[in-house]
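To start, the structure itself, in structure tokens.
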2 protein chains.
Amino acid sequence: MKKRILISDIAKALGVSVTTVSFILNDKAKEKRISESLTKRVLDYVKKVGYKPNELAKSLRTGKTKIIGLIIEDISNPFFGNIARLIETKVYEQGYRIIYCSTNNDSEKTKELIGMFNDRQVDGFIITPSEGIEETISNLLQSNVPVVLFDRYLPDVETDYVIADNFQGAFDATVHFNEQGYKRIGLVSLYSDQTQMRDRLDGYMKGMDQFKKQVYIKKIQLDASEAEAIDDLHEFVVDNRLDAVLFATNYLAITGLKSGKKHNYKLPALIAFDDHTVFKLHEPAITVVSQPIEEIADHIINILLLKLQGKAKSIKHLTLPCELKIRESSILKQ
Amino acid sequence: MKKRILISDIAKALGVSVTTVSFILNDKAKEKRISESLTKRVLDYVKKVGYKPNELAKSLRTGKTKIIGLIIEDISNPFFGNIARLIETKVYEQGYRIIYCSTNNDSEKTKELIGMFNDRQVDGFIITPSEGIEETISNLLQSNVPVVLFDRYLPDVETDYVIADNFQGAFDATVHFNEQGYKRIGLVSLYSDQTQMRDRLDGYMKGMDQFKKQVYIKKIQLDASEAEAIDDLHEFVVDNRLDAVLFATNYLAITGLKSGKKHNYKLPALIAFDDHTVFKLHEPAITVVSQPIEEIADHIINILLLKLQGKAKSIKHLTLPCELKIRESSILKQ
DNA sequence: ATGAAAGCGCTAACAC
DNA sequence: GTGTTAGCGCTTTCAT
């Protein structure tokens with residue numbers, strides 16, 4: 001059981017005061033005009049004995065933890081996983097650390113997680129908001145805690161957010177289907193009023209309207225079992241004799257693929273929102289509406305860091321363009 | 001800017017001392033024989049004003065953070081992601097929280113993360129050790145910090161671990177290939193001395209020896225680019241005219257599938273270690289050696305909780321059986 | 001049964 | 001330039 005070395009131990013050993021050591025350790029040696037020789041002596045000693053400050057005590061004193069709470073829908077979804085990874089590395093360079101948790105889009109769990117992170121005094125939040133947490137977020141903002149939302153936003157809460165242009169993404173996909181000559185084009189989405197879902201729906205509608213086509217829309221319950229969803233999708237495609245389907249999320253599309261496999265029917269042309277390994281490997285490879293993950297992560301961090309430094313002048317609403325990555329699944333075979 | 005309410009505010013408002021409030025809040029009312037009426041009065045008031053203790057101060061005082069550090073190879077790999085999720089929920093019920101980070105099997109990063117978590121005073125660690133961190137782990141153990149390793153272990157460090165029976169898993173897969181009548185069965189693994197890789201290799205060897213078959217082994221560099229690996233695998237399969245391949249990890253198998261797609265050659269029969277959505281959806285569906293994820297998570301937590309409570313009597317080495325989930329990719333077509 | 005006060009390890013205002 | 005010390009919010013010993 002190695003005993004942890006304290007700042008007072010260092011002060012004692014070197015015959016100086018804790019203040020001096022503290023100043024030196026916090027890069028205030030210059031500012032406080034502490035002699036270079038002493039500075040060096042302290043730093044050398046610190047390195048030699050491997051002193052590590054107690055971050056808890058530091059945080060308690062300064063009120064800053066240098067930790068950012070990342071609250072996302074589902075860490076095992078590669079879309080979120082990748083953004084989390086990017087955020088983690090970028091923020092690391094700035095001396096911040098990330099703690100993250102998945103909400104599974106459950107608003108109770110989200111509220112609880114926000115509360116828990118707040119208890120742990122995180123310096124700021126990055127959140128994919130689930131529905132019904134407007135008040136929780138407002139409280140955060142009132143307490144002056146920096147918050148950046150992403151992937152979706154809360155129309156009734158005035159806060160910064162970074163999202164993809166979901167409307168345009170869905171619109172482009174729908175137009176692409178139409179241009180390929182598909183006749184009966186459906187959309188699979190969720191029973192959810194979240195903005196990203198609403199915008200994707202709107203984009204699809206607009207695209208269909210433009211070609212004066214009838215829309216076919218299937219919404220899945222957020223809490224439906226996968227087995228149910230698989231059967232529902234089969235029915236949706238077959239009953240409506242669809243020749244093309246746009247899926248509003250990557251996991252819906254995966255469910256669609258499973259449905260094809262289970263019920264052994266010929267899948268229509270497909271486009272999915274958000275890329276996934278499965279889509280690249282699938283035979284045929286699946287066309288996707290891909291969000292600019294790296295840019296999203298960059299913007300989230302930039303905004304948050306500004307807020308953490310108190311330098312944010314105004315509230316930022318960023319909408320970044322999506323890219324339609326055309327692969328085999330949406331090309332009409334003659 | 002809502003002001004945070006403190007324990008002293010409560011004491012003042014109710015005309016009692018902070019000690020009393022603290023006792024009540026920490027479920028010591030009975031023990032300290034505080035009157036039921038007062039207890040109730042305090043609890044009601046606490047609820048009314050929504051008091052939340054400052055966890056930092058608490059931790060500083062008690063030396064316990066109720067946080068467990070989970071350090072795993074790659075959070076975006078569903079095998080690890082799922083275990084993380086299970087551990088998170090199970091530990092949550094016990095009042096512990098998890099903070100996690102990915103090492104990407106980089107030993108420097110692992111060491112740094114362990115150090116960082118230690119600075120933040122996590123109460124215990126759950127780690128998939130990368131190579132070369134024996135000393136770091138030993139230091140942890142010397143400082144009496146509870147540590148449980150999983151997925152692999154460090155032969156030179158005497159600590160608890162929970163792993164799958166990798167030898168048996170690989171052996172069963174190899175036997176299955178042989179029984180199906182495959183002639184030229186290869187193994188794709190990594191240049192890594194980690195125990196799980198070594199055991200899978202041994203299991204394959206043993207299985208091949210039993211049938212007196214020649215082994216074909218391809219090892220990929222840990223840091224090889226995916227593009228290189230794709231080409232290497234193509235070469236390996238084609239040059240050796242393999243009709244069956246066992247992949248030592250799920251991502252190696254995915255690379256194998258990509259290789260088939262890129263080079264457009266007929267894939268041999270396949271078995272992968274650790275399941276993945278891709279494998280279920282693939283045409284043909286891919287046979288896997290599946291680890292008992294839930295049991296692994298359970299055992300990790302049980303051991304860790306015992307250690308956290310100081311009740312661990314002895315060091316536990318647990319090896320749980322793998323299951324061969326036979327799907328289409330390993331069935332010999334006549 | 002309840003309260004006063006020390007102290008966890010650190011930072012920083014203030015004193016010299 | 002450097003040291004003394006209060007205090008961040010909490011738990012817990014000791015006293016009453």
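These values consider heavy atoms only, across backbone and side chains, with no hydrogens, waters or symmetry-generated copies. Throughout, a chain's letter reflects where its sequence line sits, starting with A, and its residues are numbered from 1. Quick caveat, the model's predicted, so the values are computed rather than measured.
- Remark: A/Lys111 engages A/Glu108 in a salt bridge, criterion side-chain N to carboxylate O under 4.0 Å.
- Using a 4.0 Å cut-off, no side-chain N or O of A/Thr62 falls inside it from OP1 or OP2 of C/dT11.
- For A/Glu55 and C/dC8, the CD to P distance is 19 Å, given to the nearest whole Å.
- Neither OP1 nor OP2 of D/dG9 sits under 4.0 Å from any side-chain N or O of B/Tyr51.
- Salt bridge status for B/Arg97 with B/Glu55: absent, with no side-chain N to carboxylate O gap under 4.0 Å.
- Taking atom CZ of A/Arg120 as the reference point, atom P of D/dG9 lies 17 Å away to the nearest angstrom.
- In this structure, A/Glu36 places its CD atom where only 12 or fewer heavy-atom neighbours from other residues, nucleotides or ligands lie under 6.0 Å away.
- The listed nucleotides are C/dA1, D/dG9, C/dC10; the one nearest the side chain of B/Arg61 is D/dG9.
- Within 4.0 Å of B/Leu60, counting heavy atoms only, lies at least one base atom of the nucleic acid.
- Within the nucleic acid shown, A/Leu38 comes within 4.0 Å of sugar-phosphate atoms alone, with no base atom in reach, counting heavy atoms only.
- Residue A/Lys28 has a polar side-chain atom (N or O) positioned under 4.0 Å from OP1 or OP2 of C/dA12.
- Within the 4.0 Å cut-off from OP1 or OP2 of C/dT11, at least one side-chain nitrogen or oxygen of A/Ser22 is found.
- What separates CG of B/Asn54 from P of D/dC10 is a distance of 6 Å, to the nearest Å.
- Between the C1' atom of C/dT11 and the CG atom of A/Leu56 lies a distance of 15 Å, rounded to the nearest Å.
- The phosphate of D/dG3 has OP1 or OP2 within less than 4.0 Å of a side-chain N or O from A/Ser17.
- Here A/Val18 lies in heavy-atom contact (under 4.0 Å) with a base.
- Going from atom CG of A/Leu6 over to atom C1' of C/dT11 covers 15 Å, rounded to whole Å.
- Between A/Asn26 and C/dT11, a side-chain N or O to OP1/OP2 separation shorter than 4.0 Å is present.
- As rounded to whole Å, 13 Å separates atom C1' of D/dG9 from atom CG of B/Leu25.
- D/dT16 atom P lies 19 Å from atom CZ of B/Arg33, rounded to whole Å.
- Taking only side-chain atoms of B/Thr19, from C-beta outward, the nucleotide of C/dA5, D/dG3, C/dA6 with the closest atom is C/dA5.
- Regarding contacts with the backbone of D/dG1, every side-chain N or O of A/Ser35 stays at 4.0 angstrom or more from both OP1 and OP2.
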